[in-house]
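Notes for the one structure printed next.
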Protein chains: 2
Amino acid sequence: MIQTPSPRHPDGRKQRSERSRQAIVDAMLEIIMGGKMEPSAAEIAEKAGVSARTVFRHFEEMDSLYSEMTERMEAEIMPIIQQPFTGEGWRAQLDQMIERRAMIYERVMPLKIAASIRRFSSDYLMLNYERFVHLERTGLESLLPSAIRKDSTLFSAIEMCAGFQTWRRLRQDQGLTTQQAADVVRLTISRLVD
Amino acid sequence: MIQTPSPRHPDGRKQRSERSRQAIVDAMLEIIMGGKMEPSAAEIAEKAGVSARTVFRHFEEMDSLYSEMTERMEAEIMPIIQQPFTGEGWRAQLDQMIERRAMIYERVMPLKIAASIRRFSSDYLMLNYERFVHLERTGLESLLPSAIRKDSTLFSAIEMCAGFQTWRRLRQDQGLTTQQAADVVRLTISRLVD
DNA sequence: GATTTATTGACATTCATAGTGTCAATATAT
DNA sequence: ATATATTGACACTATGAATGTCAATAAATC
């Protein structure tokens, strides 16, 4: 990360550099959101309006680019995740969490898929994938009553239902709409906790 | 597929060719089952004890190799799938189907993952992926009573629980044992159908 | 406006992978 | 011994990830 000393009017050359860098990440996001799961550096460069050499001036390797993209995505969804629940009681809060996750997963789906299909050839992406699954689990642990948490089969079932890959399967593999997918997750989880 | 006229004693040269071909598919399976999700043609050739050129003599492209691997896998699991259910009633048969699927999914998991991470850059693998999901669905449709089939939310929930990607998530992402994963699937489906 | 400094473009290059053409080497059949 | 099929070895192309180098361009300074 470039540490800028924040002068009164920053260096125009440094601003140009930062514009290039952001354009590259923007291009990556646009290409993946547009449905191409495996953009090449050349494609990203072309969309960003820079040369391929410049892509590798700003990002040491493709993994760095995925990393920046992930940070951008997480910066976007963190405010949603960190919002306190308004519901009274864990059931109402669980409902809210499911609702939020549906929205979040829908938003980041192409990016998550793009990263996940590369995870076997990238230590960084594999660790990041595992970290996300871990966050999914701890998010539930912080919410569910101890009786459910202690029942590992039940807890794992809820964790499975509330995870990104399950959402992706409902939406992409089973072809459900956002509403239908949300209905399926709600139904399954309600049967498990009741 | 090579159409052999089945002579009394087949041509030694043709037998040699067939041995090479099987060695290549065997090598592919061994490398993937050994945990390397993205074997290169060079790696496959080396393990098969043939040259890389020979790999591309027998298989026009890598997709053809995945195709043969898939056929090999399906030939192996078809007898299990086609076995008639012994249980009385759809609930008992559903239990048996879940049991069989757990076994089948466990067996083919590395191959399925290896194929699935390439599906966005291969029409063949994408179609094959979608065909598999379709088979998962129709397998359930042939078994479940019409009341459940008509409730699309409920049916989709069961379909989700009984699918390969859910099994993969439980085993790989959530780190459950085969037994624990089967317990989760049984619990979730029993809550849905009861 | 000239000069300096930083950023980028253009190009050649390497390495890995998928894939192909060609010819010699080897295995098998006659 | 000769003919035929299969394969190995090698050179090659294309694509993608990545790097080195130098000129072109943009921005800052004098």
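Since this is a predicted model, take the numbers as computed values, not measurements. Order of the sequence lines fixes the chain letters, A, B, ..., with proteins taken first and strands second; residue numbering starts at 1 for each chain.
A salt bridge does not link B:Glu106 to B:Arg168: none of the charged side-chain nitrogens sits closer than 4.0 Å to a carboxylate oxygen. Residues B:Glu30 and B:Lys36 are not paired through a salt bridge, judged by the lack of any N-O separation under 4.0 Å between the basic side chain and the carboxylate. A salt bridge links B:Glu76 to B:Arg107: one of the charged nitrogens lies within less than 4.0 Å of a carboxylate oxygen.
Between C:dA18, D:dA17, C:dT8, one nucleotide has an atom nearer to the side chain of B:Ser40 than all others, and that is C:dA18. Distances from the side chain of B:Ser17 to the nucleotides D:dT7, D:dA9, D:dA17 place D:dT7 closest.
The distance from atom CZ of A:Phe56 to atom C1' of C:dC15 is 13 Å, rounded to the nearest whole Å. At whole-Å resolution of the value, OH in B:Tyr66 and C1' in C:dG19 are 15 Å apart. The distance from atom OH of B:Tyr124 to atom P of C:dA18 is 17 Å, rounded to the nearest whole Å. Between the C1' atom of C:dA18 and the CD1 atom of B:Ile24 lies a distance of 15 Å, rounded to the nearest Å. Rounded to whole angstrom, the span from the CG atom of A:Leu65 across to the P atom of D:dG16 amounts to 15 Å. For B:Arg118 and D:dG16, the CZ to C1' distance is 14 Å, given to the nearest whole Å. Between A:Ile31 atom CD1 and D:dG16 atom C1' there is a gap of 14 Å when expressed in whole angstrom units. The CD atom of A:Glu38 sits 10 Å away from the P atom of D:dG16 (whole-angstrom rounding).
Minimum interatomic distance between B:Ala41 and B:Phe56 (heavy atoms only, all atoms of both residues): CB-CE1, 3.6 Å. Here the shortest heavy-atom pairing between A:Gln83 and A:Arg100 reads O-NH1, 2.7 Å. Closest approach of B:Met160 and A:Cys161 over heavy atoms only: CE-SG, 4.4 Å.
In summary, the side chains of B:Asp11 and B:Gln15 do not present any donor paired with an acceptor at a separation below 3.5 Å, with no hydrogens or angles considered.
Looking at A:Ile32 and A:Met69, their side chains come closer than 4.5 Å, going by heavy atoms from C-beta outward.
The shortest distance between the side-chain N/O atoms of A:His58 and the OP1/OP2 oxygens of C:dT8 is below 4.0 Å. Taking side-chain N and O atoms only, A:Lys14 has a distance below 4.0 Å to OP1 or OP2 of C:dT7.
Ranked by how close their nearest DNA chain C nucleotide is to the 5' end, B:Ala41 and A:Ser20 are led by A:Ser20.
No engagement by A:Gln15 is indicated, since no non-hydrogen atom pair under 4.0 Å with the nucleic acid exists.
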Checklist entry - In the 5'-to-3' direction, what one-character label does each nucleotide of nucleotides 23-28 of chain C receive under the scheme B = base within less than 4.0 Å of a protein heavy atom, S = sugar-phosphate only, - = no such atom? => result B---SB
Next on the checklist: Evaluate B:Glu61 against B:Tyr124 for side chain to side chain donor-acceptor pair (under 3.5 Å), listing each step before the verdict.
Outcome noted: CA-CA 12 Å; B:Glu61 53 184 349; B:Tyr124 165 77; over 6 Å; no
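For DNA chain D, the residues of residues 43-52 of chain B within the heavy-atom distance limit of 4.0 Å (strictly under) are B:Gly49, B:Val50, B:Ser51, sorted by number.
Remark: the B:Arg53 side chain and the C:dG21 base include a donor-acceptor N/O pair separated by less than 3.5 Å.
Figure legend: A:Arg137 and A:Phe155 shown without cation-pi pairing, the cationic atom not lying both under 6.0 angstrom from the six-membered ring centre and within 45 degrees of its axis.
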